[in-house]
Each structure stands twice: as structure tokens, then as C-alpha cells.
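In the text below, chain A, chain B and the rest are named by the order of the sequence lines, each starting its count at 1. We use all heavy atoms of the structure for the numbers below, so side chains are in, but hydrogens, waters and symmetry mates are not.
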Protein chains: 2
Amino acid sequence: MRATIADIAKEAGVSKATVSRVLNERVEGVGPETRLRVKAVMDRLDFEPCGVARGLATGKSLSVGLVVPDIADPFFPLLIRGIEDALRSEGYGLFLCDSGLDIAKEKDHVRMLLEKRVDGVILNSTLSDCDCQLDLLERRSLPYVLLDRPIEARPSAAGVYTDNRGGARMAAEFLLGGGARRLLFVNGPAGLSVSKSRRAGVEDACRGRGLSPSALLHGEGDYSVESGERAVEALLGPPGATRGAFRLPFDAIFAANDRMAIGAMRSLRRRGIGVPESVEVVGFDDVEAAHLVEPPLTTIAQGAFAMGRESALLLLRLIAGARPRKRTIVIEPSLVIRGTTRPR
Amino acid sequence: MRATIADIAKEAGVSKATVSRVLNERVEGVGPETRLRVKAVMDRLDFEPCGVARGLATGKSLSVGLVVPDIADPFFPLLIRGIEDALRSEGYGLFLCDSGLDIAKEKDHVRMLLEKRVDGVILNSTLSDCDCQLDLLERRSLPYVLLDRPIEARPSAAGVYTDNRGGARMAAEFLLGGGARRLLFVNGPAGLSVSKSRRAGVEDACRGRGLSPSALLHGEGDYSVESGERAVEALLGPPGATRGAFRLPFDAIFAANDRMAIGAMRSLRRRGIGVPESVEVVGFDDVEAAHLVEPPLTTIAQGAFAMGRESALLLLRLIAGARPRKRTIVIEPSLVIRGTTRPR
DNA sequence: CTGTTAGCGCATTCAG
DNA sequence: CTGAATGCGCTAACAG
């Protein structure tokens, strides 16, 4: 049978309270030799404290929940590593929940986490216009931090986000600075707040160069490879139509994610249009495939590890009862230069 | 303050025992109207049972741990979905631990899971020749199931594995059946049990076609893109050396993972060797990048979702105290035909 | 410095 | 059908 502090106490000839004190490394309250004796008994009996009992007694479970919309999202691995990195050092465990893009499931997961008495939740929500999960959390006054997507009804909630505007600006500036004159911007679904931010970033870059944003070519996709292909085809017509001295309507493409960028590249290749000689391409995300395609894709990398780490640290502070002034953290993305842009 | 069963009891004019009975849906022991009354009070007071207290009282935490060597491994997303799929319906939560290919960290994580009193562990170990984590688990007699990699010292442990031999045979047969006569097999690190199985599968296929396995060309890599490139270069020499009527030493390549297959394709492209016209290529894993490269990669897909699901179901049965006769489950992979092989 | 006494919230006998 | 009592393993005052 597993040893309990009662066993240790009896065996060491002290009270449970004393055992508890050495267990919790209380500096005051236990004499040095008693401490040593208790410790000796502990590992002689192979004692292992029971987290559940501790949780009941202290009201904290030393675990937090992470809810994500789609675990297949390629920016996850690093994100989770960042979170674990911050959590483990404090002894916290991480409950993982994948809501599969289903808001009802998301709510169920939050409910489960609540029952499991996690100390806090990191929430990467499926929908930015629904706050039903937050109601649950707030009703129990459980700390939470939003990840990647703000929730409209909670403008002042704690959260960690990518600087989408800055990232988009960086990409556009790089393209424009490299000599591009007619930029095609393939954005994600209009309506998403991310899309708005990225568009703003691209327009920033235009103005910065003295160009009118109206000179931009716009495309829209749903983040799939196919939608990236379509965006290019919408401007060039079917393959075969483009020949020889045909003048391209654009000389650079910035896509809101790597998949669409890869789709665009595919369309260009079919038409024999050289990348990066005739058209430069920049993506967003830096998924694994970005460096596997030919030529490897220049892209904007989100600081996934940093986002994970910062969100966990922020949550930990909230759990500790702090009311930080900076409840919103913005992570700067970075430009990863590879082969779909010409050397500068 | 959160309501407890004591509050419910007082409010409903019954005892805590009765509340507990309706909470656990005990059919016997509570009159129908009492039950209704208690339930009414429960949701009037927005009652939410405390998992921690339940855990202490029952000895089960309704949570399991998953330990993986590298969460960036692309076969994870589906695996986790499979696990969650099986777990959620039973109300179980999932603790995720990434050991980052570090066996010491892996052991620490197991230790943490033990303290958190999870009811069982799914272990995808970093090393197949170390059983120190298992010692910990067995000492507490905590149920566990091995995933993807057997551990040598525990040949009869419960586990769920891919049929690597079958998958490799399938790939080789497809290539040979399509007319390939000189097959280059780029395997993973020799020594890994997976590598041995896959090699056996490829040799099976040769014999099946009446070919001597000695006719095979062998390469070895470490699963990286670069190692795939090198494997090809080792046979062809530096780019530029291969010209015109040069006779290729192989007409088909089977790589032990997609990354190496993609590396091999890259080497071939540099030399102007057409895929699939001159050389056919098949990979293993079916990562996202497989269908993003040009041409899209024909590959062997592991049944990740099934593996996750089956491992969780098996663990659940072990937790329930069952001693199933089939403690080892083998999942069949499947061939995904795309563009790096010629139409049959 | 150490021991005693109460709970934490719930499940589970055992009576009635 | 229902209630009172006891304990799960540990922490946290409060005494000495």
C-alpha cells in the first residue's frame, strides 16, 4: 500500500503536522535533525505525496487547462512547448482539450475543466463572437487568458496575441523594399479580426512607401491551398491563357498563410512563371511545409513558443492573485527569408 | 461561494448522503420525488461537483496522462484526437507531457503524473531500451499502455503499434508491382526496432516477387530532409556529375519517412531527374507537407487516429480492472497514392 | 520547535 | 427510502 503522511509520522515518531511541514519545505517550525529523520523515513517508505488530497486541503490543483480549436494547427507544437516550459518549473500539469472547431464542445471542455478544479484556463477560442465559455469561467471566478484570438465581448480580458498588423507590414515592406510595384495581397476571410489587422499592416507599408493603398491588388481565401490557387487564377485566367510577353498584373504576392502562398506558387508554376524571378512570394505562419516546398518559402513566423510561454506566465500571475497592469501581451512575429524572394 | 452537497442537502431538507446518491445517479436508494427536488435545488444553486473531493473519496481522478517524446511530430494531432475521442465520453481528462526527446524529463513527467494521481498513462517513450519510467509506474501498480514504440525490457506490456513491416511491404510491393527493378530503400537509423521491421517488410516484398533482397540498394538517414538528400547523393555523386545517357543505379525510392523522401526528391530535381517518370518515390507518415510538395508525395499513412483511440480504450479497460487477452494492438497503415508514382 | 484539532467536499458503510 | 457517522490524505490554525 502507498504510504501516507500518517505512516511517516508514526514511523518517525512525530505528528502529521510535522511531516506536512517538512513535506512543504517550511523553513520555520521544524528542527534540523527532526527534519532529517522525517526525510529519511520518507524515502525509506518510498513516500509520494497525494496531489488530490493536497488539492482538497489547499483549494488548488496545480493544474491548468488549455483549450484549442484545432490541434492540427501547425503552430501548436511550439506553443505547447512554451506553455509547458513555464508550467513545469512550478509543478503545474496541463490538461489538453481540442474542441475541433465546435463551440459547443468547447463549452463542454470548459465545464469539464471546471469540475476538475483546474486553477486556470488558457483559451484559444473557436469563435471570437461568443462568450458563453467565459461566462462559466467568470461565474466561478476562475482566472483565464485568451490566446491568439480576442473575444469581442471582452475587450479587456487578459490575452496574448500575435502582432498581425506588424507582421503583415513587415512582409509588405520587404516586398516593396525589394522593388515590387504591384503587390497582390491574398487575405484570409474578411470579417475575421485578424484579417482586418493584416490588411491594415499591408496598407501601412504602402503608405510608408508613398504608395496609395488603392494600388494594391486584393484576393481572399479560406486559408486552404486551393483558395490560394484560385486567388491567382482569378487574376490570370485559366492556365494556358498566359503566354510569352504577357504582362503580369502583379510582381509580388503576400498571402495571409503559408498554405495559400503554396497554392499561389502552384498556380504560378503551372503557367511557367518563375518564383522568385518574375514574382516574389511571402507567406505567414512558417509551417513545416514552408521549407520543404521548392523553392522554400519566405514567410512570417509567429512567435509560437513565446506566445505559449507568455500566456502561461500571465495565467500563473493571475492565479497567484496579481492584477497586472499589462493584461494584454503582443508577440512580435519575425521575417524568415528563404527562396521565394530575391536576395536583397 | 461555490455550493457543496452540504448546501444542497440543507436547502433541500435532506442529508448529504441523499444528495450524493442523486449526484451519482444511483437508481436505488432515493425516492423519485426526493430526487427531483434535490435536482431542482442543484441547478438553482448552480451546483458543480468537486472532482478533487470525489477523487479523494473514490481513489480515482478521472484523468490519464499522455507522455510523448516530441510533440512536433506530425502524427500527433490525429493521435490526440483519437485519444480524446475515447476519453471524453467517459469523462476523463488528458494530461499532456512533452519530454522533448529527453529520457530524464520523461521520467520526471511520469513522476508528476503519479503525484497528480492519474488513473493511467499512455506512454510514447523516447527510448526503447530504458524502463526506468515503467519501474515507477509498476511500483504504484498504475496501468499503462505503450504507444508506437515497444520497450525491450517489457515484451509483454500492453501496447499499440503500427504495422511497420506490413506498411513497408505495401510500399515496396507497389513500387515493384509498377515495374521498378532497382529499388533504393532509405531506412531510418539502424538499431531502432522500427527500422528492422520496415526492412523486413521491404525484403518480404522482394521475395514475394521472386527477387533476391540482395538486389536492394540501401541508404540510411536520421529522418531529416538533409539525410534524404545525402542518401541519394551518395549514389549519384555531386549534382552536375550526372548527365544525359547516364544510367541511374535505381528507378524507385522508398524512404522510411516523408521528410527523407522529400529530401530525395530535392536531390533528384537538382539533377534534372524526373519524378515519377524516371524515378518513383514513396514516403512514410503522410505529413501535411506530403501533399504540398510538387509532385505531391505518394506515401504510407499511419492510422494515427485509430492508434490514439485504441490506446485510450485499452487503457480504460486496464483501469477498469480488466485483464484483456489481447494486450497488443497492431494498427494497419494504408497506401496513399499521389503524384510521385506513375498511374498503375 | 512540535503536537492537537479541525476541516476541505464527497462517497460509503451501517442503521433505522 | 433515508440519515448519521466515518474516512480519503493533507493543510492550517491554534496551543503548548
Checklist entry - Does a side-chain N or O from Arg54(B) land closer than 4.0 Å to OP1 or OP2 of dC10(C), or not? => result no
Checklist entry - Under a 4.5 Å cut-off applied to non-hydrogen side-chain atoms, are Val14(A) and Arg37(A) in contact? => result yes
Checklist entry - Using a heavy-atom distance cut-off of less than 4.0 Å, which residues of residues 11-23 of chain B contact DNA chain D? => result Gly13(B), Val14(B), Ser15(B), Ala17(B), Thr18(B), Arg21(B)
Next on the checklist: Between P on dG3(C) and CD1 on Ile5(A), what's the gap in Å once rounded to a whole number?
Outcome noted: 13 Å
Checklist outcome for this item: Separation of dG3(D) atom P from Ile8(B) atom CD1, nearest Å, is 15 Å
Item to check | Heavy-atom pair of closest approach, residues Arg140(B) and Asp46(A) | outcome: NH2-O, 2.9 Å
Item to check | Test: Glu48(A) and Arg117(B) ion pair at under 4.0 Å | outcome: yes
Next on the checklist: Just so I know, are the side chains of Gln302(A) and Leu78(A) near enough to count as touching, which here means a heavy-atom distance under 4.5 Å?
Outcome noted: no
Next on the checklist: Under 4.0 Å, heavy atoms only, any strand: does Arg26(B) hit a base, just the sugar-phosphate, or nothing?
Outcome noted: sugar-phosphate
Checklist entry - For the side chain of Thr34(B), counting heavy atoms from C-beta on, which of dC10(C), dA12(D), dT2(D) is nearest? => result dT2(D)
Checklist entry - Is it true that Arg111(A) and Asp108(A) make a salt bridge, defined as a side-chain N closer than 4.0 Å to a carboxylate O? => result yes
Checklist entry - Which residue, Ala57(B) or Val30(B), contacts DNA chain D at a nucleotide closer to its 5' end, judged by nearest heavy atom? => result Val30(B)
Checklist entry - Under a 4.5 Å cut-off applied to non-hydrogen side-chain atoms, are Glu152(B) and Ser193(B) in contact? => result no
